[in-house]
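Data block below; observations after.
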Amino acid sequence: MLSNISLNKSDSIALYMQLYEQIKNLIDLDQLKEDKLPSIRSLSALLSVNNITVINAYKLLEKEDYIYTIKGSGTFIKKTELKEETLLTEDGDMALMLSGIFPFLKNSIDFASASPTPEMFPIELFKQSLIDVLDRDGGSAFLYPEISGFLPLRESISKFLFENYSIEAQSDQILITSGGQQGLDIISKALIDQGDIIFVENPTYPGAYAAFKSRGAKIIGIPLEDDGINIEVLENYAKRYKPKFIYVMPNYQSPTTLCYSEDKKKELLRLSHEYNFYIIEDDFLTDLSFSEDKKIPLKAIDRKDKVVFIKSFSKIFMPGVRIGFMILPKSMFKTIMKAKHSSDISSSGYLQRAFDLYLRNGYWRNHIDNSRKFYEKRYRVMLEELTQLECYGFSFKAPDGGLSIWVKLPSNWDSIRFYEEASKREVALVPGNVFFTEEEPDVHYIRLSFSAVD
């Protein structure tokens with residue numbers, strides 16, 4: 001029906017308003033057979049109009065609650081009930097995935113979750129830390145700590161960083177957060193003004209994309225290669241757009257699980273200094289390497305104080321504990337701390353004190369060693385099984401670390417369709433579409449995580 005739309009370029013009514021009215025009427029009369037509208041590019045070509053005409057018409061339709069857009073999937077007609085075969089899973093939908101929330105299907109084989117399995121939680125040791133804090137501090141354990149975090153914990157983290165990653169960070173550079181996602185939210189609140197240009201890897205973590213977008217940022221994706229971000233594209237875009245910062249995961253990137261080469265890490269730092277933008281480094285799986293090639297964070301070689309380092313202990317510890325931290329350049333510490341205070345005043349003092357004891361007693365290193373051995377077994381099984389699918393057109397690059405594998409489907413397969421069919425068979429996975437930044441993503445990838453599957 002959209003091919004029958006007729007736009008009068010000599011009319012006094014703007015073309016986008018004409019297009020808006022005609023699509024609105026078609027929706028009101030329920031004359032569109034498909035729930036999904038054409039992409040901006042394809043509709044503009046069909047009607048021989050500029051892309052901006054379609055963009056403005058779609059924006060107005062969305063404002064009037066006729067349509068909605070899902071990044072990575074397209075633009076859809078808003079109806080009272082969404083059709084199950086296009087968007088819904090049993091307990092969630094594609095929109096949740098675009099915010100970094102991966103719905104769990106009851107009774108499914110869960111290749112969607114990249115969280116640790118409860119059988120690896122160090123319950124007894126952490127329980128003892130909790131008890132020791134109560135015995136030592138009594139009611140003081142439940143007082144508000146400093147906004148920046150419990151000082152002994154920040155001192156423990158400072159030592160931990162130097163011993164494990166050769167990162168030199170004083171306790172007054174460290175801000176404790178309630179997990180890594182809060183770090184991204186605080187940075188978004190403190191640093192992003194409406195219309196700021198932010199660079200991200202493409203594909204990227206949807207939770208970060210959603211946090212930046214919520215503050216009105218204009219987000220531009222920089223393509224990834226096997227050894228990290230495309231430096232040539234990054235430099236060209238940095239000259240043209242002057243970004244405020246770039247968000248990256250240099251070690252076991254989400255969703256691809258690739259790692260940056262040392263050369264690309266150095267080039268990224270060089271460009272941040274030359275074009276005056278900050279780097280937000282999100283690190284949660286550097287510790288989980290299955291090879292002798294030890295990875296170090298970008299922050300370890302940052303000599304110009306251009307890297308904001310975010311790390312969550314939750315991902316391979318116990319997610320519900322919600323302990324993370326940031327290392328901040330001195331120039332922005334006070335600004336970020338104010339944003340942290342307005343978010344939740346401070347993170348749980350009791351949990352901070354307990355985790356400080358856990359670190360000081362040396363339990364973390366044992367936990368990481370045990371986790372690495374445990375997850376490597378699952379990883380090796382995944383590699384063996386996926387290798388047997390290569391004859392059907394599946395392909396992947398072995399990451400030798402992390403909790404997921406980024407799999408390319410056969411060329412004539414679509415990841416959303418594959419996701420829907422897998423869901424019907426009680427297999428949960430994540431379609432690659434949700435990780436891409438552009439309107440028309442690569443539809444041939446899925447992310448398979450092995451942490452929750454025995």
Test: [X] and [Y] ion pair at under 4.0 Å:
X	Y	result
E119	R378	yes
R353	D137	yes
D263	K266	no

Within the 3.5 Å criterion, strictly below it, is a donor on [X] or [Y] matched to an acceptor on the partner's side chain?
X	Y	answer
Q128	Y363	no
R215	S188	no
Q352	D356	no
S178	S347	yes
T256	Q253	yes

Below 4.5 Å, heavy atoms only, C-beta onward: do [X] and [Y] meet side chain to side chain?
X	Y	result
I52	N56	yes
I368	N164	no
Y58	T75	yes
L359	I157	yes
F333	S148	yes
N433	Y419	no
R322	L351	no
I279	F245	no

(request) Assess K306 against Y278: is NZ or CZ under 6.0 Å from the centre of the six-membered ring, and within 45 degrees of the ring's axis? (result) yes
Once ring-ring contact (aromatic ring centres under 6.0 Å, His included) is applied, do any residues pair with [X], and if so which ones, sequence neighbours excluded?
X	answer
F355	F313, F317, Y358
Y350	F142
F162	none
Y165	F160

(request) Of all the heavy-atom pairs spanning E267 and I231, show the shortest one and how long it is. (result) CB-CD1, 3.8 Å
(message) Restricting to non-hydrogen atoms, name the atom on L191 and the atom on D196 that form the minimum distance, rounded to 0.1 Å.
(response) O-OD2, 3.6 Å
Is it true that, when you exclude [X] itself, more than 12 heavy atoms of the residues, nucleotides or ligands shown sit nearer than 6.0 Å to its [atom1]?
X	atom1	value
E232	CD	no
Q170	CD	no
D454	CG	no

(request) State yes or no: are the ring centers of Y247 and F199 separated by less than 6.0 Å? (result) no
(request) Kindly determine whether Y260 and E201 satisfy side chain to side chain donor-acceptor pair (under 3.5 Å), including the steps that lead there. (result) CA-CA 12 Å; Y260 284 38; E201 299 158 325; 2.5 Å; yes
(request) List for me each residue that meets salt bridge (Lys or Arg N to Asp or Glu O under 4.0 Å) alongside K127, sequence neighbours excluded, and say none if there are none. (result) E124
(message) I'd like to check the salt bridge (Lys or Arg N to Asp or Glu O under 4.0 Å) partners of R365; sequence neighbours left out, ordered by chain and number.
(response) D369
(message) Can you pull out every salt bridge (Lys or Arg N to Asp or Glu O under 4.0 Å) where at least one residue sits in residues 330-348? Sequence neighbours excluded, please.
(response) K340-D344
(request) Could you list all the salt bridge (Lys or Arg N to Asp or Glu O under 4.0 Å) pairs where at least one residue sits in residues 168-195, not counting sequence neighbours? (result) D193-K244
(request) Scan I77, L19, I23 and name whichever one has a side chain to side chain contact (heavy atoms under 4.5 Å, CB included) with L61. (result) I23
Who passes side-chain hydrogen bond (donor to acceptor under 3.5 Å, both in side chains) against [X], sequence neighbours left out?
X	value
D283	T286, K311
N361	none
E376	R380
N366	none

(request) If the plane angle is over 60° it's perpendicular, under 30° parallel, otherwise tilted; pick one for F309 and F325. (result) tilted
(message) Could you measure the distance from the OG1 atom of T257 to the CG atom of L448? Nearest 0.5 Å is fine.
(response) 10.0 Å
(request) Calculate, to the nearest 0.5 Å, the distance between atoms CZ and CD1 belonging to F76 and I67 respectively. (result) 11.0 Å
(request) Determine, step by step, whether R270 and E274 satisfy the salt bridge (charged side-chain N to carboxylate O under 4.0 Å, His left out) criterion, reporting the C-alpha distance in whole Å, the side-chain angles of both residues, the deciding distance to 0.1 Å, and the verdict. (result) CA-CA 6 Å; R270 178 186 67 80; E274 185 173 341; 2.7 Å; yes
(message) Before you tell me yes or no, could you show the steps for K304 and D302 under salt bridge (charged side-chain N to carboxylate O under 4.0 Å, His left out), namely the whole-Å CA-CA distance, both residues' side-chain angles and the distance that decides it to 0.1 Å?
(response) CA-CA 6 Å; K304 304 289 186 180; D302 174 26; over 6 Å; no
(request) Using the ring-ring contact (aromatic ring centres under 6.0 Å, His included) rule, pick out the option among F290, F374, F396, Y252 that qualifies with Y379. (result) F290
